[in-house]
Trainee: 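The following block contains the structure, expressed as structure tokens.
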Amino acid sequence: MMSKVFIITGTRKGIGRELANYYLDKGYVVVGCSRGESSIEHKNYRHYSLDVSDESKIIEMIIMTKKEFGKIDILLNNAGIASMNHIITTPYKTAQNIFSTNFFGTFLFLREVAKVMVKQRWGRIVNFTTVATPLRLEGEAMYAASKAAIENLTQITARELADFGITVNALGPTPVPTDLIKNVPKEKMDALLNRQAIKRFGEFKDIVNVIDFFIDERSDFITGQIIYLGGVNG
Ligand SMILES: NC(=O)c1ccc[n+]([C@@H]2O[C@H](COP(=O)([O-])OP(=O)(O)OC[C@H]3O[C@@H](n4cnc5c(N)ncnc54)[C@H](OP(=O)(O)O)[C@@H]3O)[C@@H](O)[C@H]2O)c1
């Protein structure tokens, strides 16, 4: 049987890079992207330097992937940006950038990959949200709102794609030490961790545990679900 083909967005660093390496180590094919150059050297890895809000580049990436590998099994919509700001001091440009990357990027990949998956009558899509959304986290209005939009997109597309053997779910990590959160002040971070049932940072193993569950062959009856880490409730 041919190896599973993954599309993972935002693979230059952080969680996306770890995910790419984890699935490459398992012998799968990974096609990744980020604005910057590739940081992964592997015979089963392909990299596209693009912005996830650039529609024509994404269409081309998906066409090229389908051409080379003949199928796309799994999409992990990981690319994302955050910016802490009180609403009064949030520039319009910042709000637009957050929505372009997080929401429109997720939308474009979901749409283009789903076209391929519909024909295959099989697929697994995992989107990325955050505990900041259910916690209604102060200072993260634009970031949390962009992820709230992703949650709704997940739930509705799960219904639209259900008849085609495609599941669409979302994972909401707690803070995980990456560049994304390096500028959050310590007292803000401690206050956030204290609102979780289990008061610690998330780790890569926590993330991959949920993703492995969502993409499992046996998870064909699991769709439209949002799983938060750390015991945060939706
Ligand atoms: N870390 C946390 O605490 C945490 C908590 C909850 C949820 N999450 C979610 O987890 C996901 C990954 O976060 P992370 O912590 O790994 O962040 P990160 O370390 O900042 O990495 C973000 C990745 O996305 C890429 N990227 C950013 N904007 C992009 C764009 N417009 N087009 C293409 N690629 C782009 C970056 O590469 P380039 O710079 O080369 O583009 C990088 O590879 C995000 O969706 C985030 O919201 C993270």
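Each ligand, and each atom within it, is numbered from 1 in the order the structure gives.
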Trainee: Tell me the protein heavy atom at minimum distance from atom 5 (C) of ligand 1, and give that distance in Å.
Mentor: T174 O, 3.3 Å
Trainee: Identify whether the distance between the nearest side-chain nitrogen and carboxylate oxygen of K115 and E112 falls below 4.0 Å.
Mentor: yes
Trainee: Which heavy atom of the protein is the closest neighbour of atom 15 (O) of ligand 1, given with residue, atom name and distance?
Mentor: T178 OG1, 2.5 Å
Trainee: For atom 28 (N) of ligand 1, which of E18, E37, R35, R17 has the closest heavy atom?
Mentor: R35
Trainee: Drop me the distance from D51's CG to L108's CG, to the nearest 0.5 angstrom.
Mentor: 10.0 Å
Trainee: For atom 22 (C) of ligand 1, which candidate among C33, S49, G80, P173 holds the nearest heavy atom?
Mentor: G80
Trainee: Considering only protein heavy atoms, which is closest to atom 16 (O) of ligand 1, and at what distance to one decimal place?
Mentor: I15 N, 2.8 Å
Trainee: Nearest heavy atom to atom 48 (C) of ligand 1: which of I181, N77, L180 does it belong to?
Mentor: L180
Trainee: Which atoms of ligand 1 are found less than 4.0 Å from any heavy atom of F128?
Mentor: 10 (O), 11 (C), 45 (O)
Trainee: Out of I8, V176, T101, D51, whose heavy atom is nearest to atom 1 (N) of ligand 1?
Mentor: V176
Trainee: Is a side-chain donor-acceptor pair under 3.5 Å present for R12 with S38?
Mentor: no
Trainee: Tell me whether K205 is salt-bridged to E18, with the criterion being a basic N under 4.0 Å from an acidic carboxylate O.
Mentor: no
Trainee: Would you mind listing which atoms of ligand 1 come within a distance below 4.0 Å of any non-hydrogen atom of I81?
Mentor: 27 (C), 28 (N)
Trainee: Is the closest heavy atom of A82 to ligand 1 under 4.0 Å?
Mentor: no
Trainee: If you measure from each non-hydrogen atom of T129 to ligand 1, which part falls under 4.0 Å: side chain, backbone, both or neither?
Mentor: backbone
Trainee: For the residue pair N97 and Y92, confirm or rule out a side-chain donor-acceptor distance under 3.5 Å.
Mentor: no
Trainee: May I ask you to test the S34-Y48 pair for a side-chain heavy-atom distance under 4.5 Å?
Mentor: no
Trainee: Please report which non-hydrogen protein atom sits nearest to atom 18 (P) of ligand 1, along with the residue it belongs to and the distance in Å to one decimal place.
Mentor: K13 CE, 4.0 Å
Trainee: Between R195 and D190, is there a side-chain N and carboxylate O pair less than 4.0 Å apart?
Mentor: no
Trainee: Can you tell whether the side chains of K4 and E217 come within less than 4.0 Å, N to carboxylate O?
Mentor: yes
Trainee: Under 4.0 Å from any heavy atom of P175, which atoms of ligand 1 are there?
Mentor: 3 (O)
Trainee: I want to confirm something. Looking only at heavy atoms, which of L19, L50, T9, T133 is nearest to atom 33 (C) of ligand 1?
Mentor: L50
Trainee: Name the closest protein heavy atom to atom 32 (N) of ligand 1, giving the residue it belongs to and the distance to 0.1 Å.
Mentor: V52 N, 3.0 Å
Trainee: Tell me which protein heavy atom sits closest to atom 23 (C) of ligand 1, plus the residue, atom name and distance to 0.1 Å.
Mentor: G10 O, 3.6 Å
Trainee: For atom 46 (C) of ligand 1, find the nearest protein heavy atom and state the residue, atom name and distance (0.1 Å precision).
Mentor: Y143 OH, 3.5 Å
Trainee: Check D73 with K71, please: is the shortest side-chain N to carboxylate O separation under 4.0 Å?
Mentor: yes
Trainee: Which atoms from ligand 1 have a heavy atom of R12 less than 4.0 Å away?
Mentor: 37 (O), 38 (P), 39 (O), 40 (O), 43 (O)
Trainee: Does a donor on one side chain and an acceptor on the other come within less than 3.5 Å for Y23 and N44?
Mentor: no
Trainee: Is there a donor-acceptor contact under 3.5 Å linking the side chains of T133 and Y228?
Mentor: no
Trainee: Among N77, I125, L75, which residue satisfies the side chain to side chain contact (heavy atoms under 4.5 Å, CB included) criterion with T106?
Mentor: N77
Trainee: So which protein heavy atom does atom 44 (C) of ligand 1 come closest to, and at what separation?
Mentor: N78 O, 3.1 Å
